[in-house]
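Working notes, structure below.
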Amino acid sequence: MTAKHPVRPKDRFLVFGMPPIEDEEIAEVVATLKSGWIGSGPRVSRFESEFKRYKGAEHAVALNSCTAALHLSMLAAGVKPGDEVITTPMTFCATVNAILHAGGMPILADIDPVTMNIDPEEVRRKVTPRTRAIVPVHFAGRPCAMDELMAIAREHGLKVIEDCAHAIEAEYHGQKAGMIGDLGCFSFYVTKNVVTGEGGMVLARSEKDAARIKILGLHGMSKDAWKRFGDEGYRHYQVVECGYKYNMMDLQAAIGIHQLARVEKYWERRSQIWRRYTEELARLPVVLPAAAEPDTRHGYHLFTLRVDEKNSGISRDRFLDAMTAQNIGVGVHYLSIPEHPYYQGALGWKPEQFPNAMTVGRSTVSIPISARLDDADVGDVIEAIKRVLS
Ligand SMILES: *Cc1c(COP(=O)(O)O)cnc(C)c1O
């Protein structure tokens with residue numbers, strides 16, 4: 001399927017998910033290095049404040065990943081060994097691993113094949129007396145059916161921890177993603193909508209949860225331990241829990257502060273790319289993502305195509321190879337969680353138990369939608385898809 005004349009020159013491979021990095025964050029990183037304070041300090045506090053302002057939130061804790069944010073959110077939500085936590089099979093492994101790290105038992109509820117988000121009816125069927133929490137993932141930036149999920153949570157007294165790794169900008173019925181449930185977890189990993197290299201954030205509805213997460217994220221040391229090397233004189237700290245090393249550094253926050261200032265500009269750019277793909281790929285033999293639901297705001301983190309031999313004339317895996325041969329980087333988000341050997345072996349899961357997630361996971365392809373792409377890049381992606389499908 002390799003074309004004789006690749007669309008893009010060989011030296012210009014379009015890396016999937018490459019983040020835009022601009023001069024302000026480069027200068028801030030240099031200033032941070034020169035300041036001598038590169039660990040957790042004033043820039044982390046500023047990043048937390050600005051993130052709170054952007055979301056209109058009261059309590060935020062910056063951490064070194066969304067995985068850490070999810071793990072500590074489970075602990076703050078009171079997930080204990082033996083507790084069940086319901087989540088989706090169409091997510092990154094970190095969502096499920098965080099439940100296991102907290103000692104909980106992940107229980108999968110299949111997705112709606114159109115939205116690719118967890119299906120509230122499936123969640124309802126999975127609730128037992130041991131259920132402690134629900135972890136909806138706003139897949140690709142599309143908010144989950146939160147009205148229905150929150151109703152189930154209220155009915156059964158469950159905590160809700162939103163995995164907002166794709167969905168910083170998302171809104172649902174006038175509410176912001178990550179502020180609908182009890183806790184919201186965000187990722188600033190290199191491919192996400194706002195990047196810090198590695199990084200994460202938790203938004204907490206309650207001050208108590210935020211305080212516990214802050215302590216657990218820095219060895220279990222009592223509040224403000226980072227000040228101990230500051231200019232206010234030496235302070236003793238106390239270890240009050242057996243915590244983790246999950247704190248964000250000022251070096252990371254230095255990038256995040258300037259990335260966050262452009263979050264809406266980048267969202268605007270991705271929404272333009274989304275519209276162009278929707279128009280120009282409309283007549284091809286692939287299934288495009290559904291339009292955003294009314295009264296919601298999509299985060300436009302991933303643009304997915306469903307490719308299968310029957311409709312598209314090429315298998316998904318051959319499509320991936322053919323796009324790479326055209327110098328276009330592509331991704332798969334995601335093979336459903338039960339496709340992975342660990343979960344099959346340790347938990348006995350089989351892909352067939354979650355048929356919608358299995359089918360999507362075996363046919364989905366993510367094409368580049370980074371705000372870094374210029375119009376010519378987007379044109380190259382479209383041309384490559386047309387060639388591969390012709
Ligand atoms: C990226 C991602 C995570 C993990 O984020 P990290 O910051 O890399 O730990 C969790 N959940 C989902 C859905 C993700 O896409």
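In each ligand, atom 1 is the first atom listed, and ligand 1 is the first ligand listed.
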Inset, instruction - Verify whether one side chain among Glu264 and Tyr54 offers a donor that lies under 3.5 Å from an acceptor in the other. - result: yes
Legend entry - Salt bridge flag under 4.0 Å for residues Arg46 and Asp250: no
Legend entry - Side-chain hydrophobic cluster, 4.5 Å single linkage: members besides Val190: Tyr189
Legend entry - ILVMFWY clustering at 4.5 Å (side-chain atoms), partners of Met18: Phe13, Val15
Report every pair formed by an N or O atom of ligand 1 and a protein N or O atom separated by less than 3.5 Å, giving atom names and the distance to 0.1 Å.
unit_1	atom_1	unit_2	atom_2	d
ligand 1	5 (O)	Ser187	OG	3.3
ligand 1	7 (O)	Cys66	N	2.9
ligand 1	7 (O)	Ser187	OG	2.7
ligand 1	9 (O)	Cys66	N	3.3
ligand 1	9 (O)	Thr67	N	2.9
ligand 1	9 (O)	Thr67	OG1	2.5
ligand 1	11 (N)	Asp163	OD1	3.4
ligand 1	11 (N)	Asp163	OD2	2.8
ligand 1	15 (O)	His166	NE2	2.8
ligand 1	15 (O)	Lys192	NZ	3.1
ligand 1	15 (O)	Tyr334	OH	3.0

Table please: side-chain donor-acceptor pairs of residues 91-102 below 3.5 Å, with sequence neighbours left out.
unit_1	atom_1	unit_2	atom_2	d
Thr91	OG1	Thr95	OG1	2.7
Thr95	OG1	Phe92	O	3.2
Thr95	OG1	Asp163	OD2	2.9
Asn97	OD1	Tyr343	OH	2.6

Inset, instruction - Report the relative orientation of the aromatic rings in Phe139 and Tyr334; use parallel for angles under 30°, tilted for 30 to 60°, perpendicular for over 60°. - result: perpendicular
